[in-house]
Novice: 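Take a look at the following structure, please.
FYI, side chains are in, hydrogens and waters are out, and symmetry mates aren't considered; it's all heavy atoms of this structure. Residue numbers start at 1 and run along the sequence shown.
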Amino acid sequence: MIIDIILLIILYVSHRYIVAWIIYYNSTDERYGHSVWRWTYDYPVQGKRDISDLDDKIFVRKRRIRNRTVTLMYWNFFLAFTVSMDFISNLLMLILK
């Protein structure tokens with residue numbers, strides 16, 4: 001149970017760090033919007049192709065980095081959810097004994 005508490009603290013700090021990076025990437029270009037939880041595939045790049053580097057190379061590369069950061073945030077969030085469920089189940093077992 002102590003390990004769960006330590007893991008939850010570590011996951012919370014890492015979540016805040018990841019969200020700070022996403023907010024930073026959102027502030028670099030106005031096309032990203034203000035959402036922390038959303039990938040940026042639906043923000044168009046100037047030109048016909050949205051996925052290639054040929055139209056807007058800087059934006060597309062930053063968008064890919066930002067999307068990887070959002071994916072990392074989701075992994076961290078779901079891992080924290082799993083650890084919190086383990087912590088709650090251990091706490092309930094301790095209370096009900």
Novice: Assess the residue pair Val36 and Met73 against the criterion (side-chain contact (heavy atoms from CB on, under 4.5 Å)); give the C-alpha distance rounded to whole Å, side-chain angles, the decisive distance to 0.1 Å, and a yes or no.
Specialist: CA-CA 9 Å; Val36 173; Met73 182 194 61; 3.8 Å; yes
Novice: Verify the cluster assignment for Leu11 and Ile9: are they in a single hydrophobic cluster under the rule of side-chain heavy atoms below 4.5 Å apart?
Specialist: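 In one cluster: yes.
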Novice: Which distance, rounded to the nearest 0.5 Å, do you find between the CE of Met1 and the CD1 of Ile88?
Specialist: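 Met1 atom CE to Ile88 atom CD1 measures 11.0 Å (nearest 0.5 Å).
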Novice: Can you see whether Trp21 engages Tyr25 through a side-chain donor-acceptor pair at a distance of less than 3.5 angstrom?
Specialist: no
Novice: Measuring from atom OG1 of Thr71 to atom CD1 of Ile18, what distance do you get when rounded to the nearest 0.5 angstrom?
Specialist: 10.5 Å
Novice: Would you give the length of the straight line joining atom CZ of Phe77 to atom OG of Ser84, rounded to the nearest 0.5 angstrom?
Specialist: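 If I round to the nearest 0.5 Å, the distance is 8.5 Å.
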Novice: Transitively linked via ILVMFWY side-chain contacts under 4.5 Å: Tyr17 with Leu79?
Specialist: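 Looking at the clustering, Leu79 is in a separate group from Tyr17.
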Novice: So how far is it from Ser35 OG to Asn26 CG, rounded to the nearest 0.5 Å?
Specialist: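 Result: 7.5 Å between the selected atoms.
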Novice: I'd like to know whether CD1 of Ile2 has more than 12 heavy-atom contacts from other residues, nucleotides or ligands below 6.0 angstrom.
Specialist: no
Novice: Between Ile23 and His34, is a side-chain contact (heavy atoms from CB on, under 4.5 Å) present by the stated rule, with each step listed?
Specialist: CA-CA 8 Å; Ile23 291 170; His34 299 290; over 6 Å; no
Novice: Roughly how far, to the nearest 0.5 Å, is CZ of Phe87 from CG of Leu7?
Specialist: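 Rounded to the nearest 0.5 Å, the CG-CZ separation comes to 11.5 Å.
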Novice: Side-chain heavy atoms nearer than 4.5 Å, only ILVMFWY residues, links allowed to pass through others: does that put Leu8 and Ile3 together?
Specialist: yes
Novice: Please give me the minimum heavy-atom distance between Phe59 and Asp29, naming the atom from each residue.
Specialist: CD1-OD2, 3.1 Å
Novice: Evaluate whether atom OH of Tyr74 has more than 12 neighbouring non-hydrogen atoms of other residues, nucleotides or ligands under 6.0 angstrom away.
Specialist: yes
Novice: Distance from Thr69 atom OG1 to Ile22 atom CD1, nearest 0.5 Å?
Specialist: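 One finds 6.0 Å between OG1 of Thr69 and CD1 of Ile22.
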Novice: Would you kindly confirm whether Phe78 and Val19 end up in one hydrophobic cluster when ILVMFWY residues are joined by side chain heavy atoms under 4.5 Å apart?
Specialist: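 Cluster IDs for Phe78 and Val19 match.
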Novice: Give a yes or no on whether Trp37 and Phe81 share a hydrophobic cluster (residues Ile, Leu, Val, Met, Phe, Trp, Tyr; joining criterion: side-chain heavy atoms under 4.5 Å apart).
Specialist: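 No, separate clusters.
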Novice: Step through the shown structure and confirm whether more than 12 heavy atoms of other residues, nucleotides or ligands are within 6.0 Å of CD1 on Ile65.
Specialist: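 Count over threshold, so yes.
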Novice: Could you give me the CA-CA distance, side-chain angles and deciding distance for Arg68 and Leu72, then say whether side-chain contact (heavy atoms from CB on, under 4.5 Å) is met?
Specialist: CA-CA 6 Å; Arg68 277 187 293 233; Leu72 182 63; over 6 Å; no
Novice: Looking at every heavy atom in both Asn76 and Ser14, which two are closest together, and how far apart are they?
Specialist: ND2-OG, 3.0 Å
Novice: Set out, in order, the CA-CA distance, both residues' side-chain angles and the distance that settles side-chain contact (heavy atoms from CB on, under 4.5 Å) for Ile6 and Ile10, then state yes or no.
Specialist: CA-CA 6 Å; Ile6 293 169; Ile10 291 170; 3.9 Å; yes
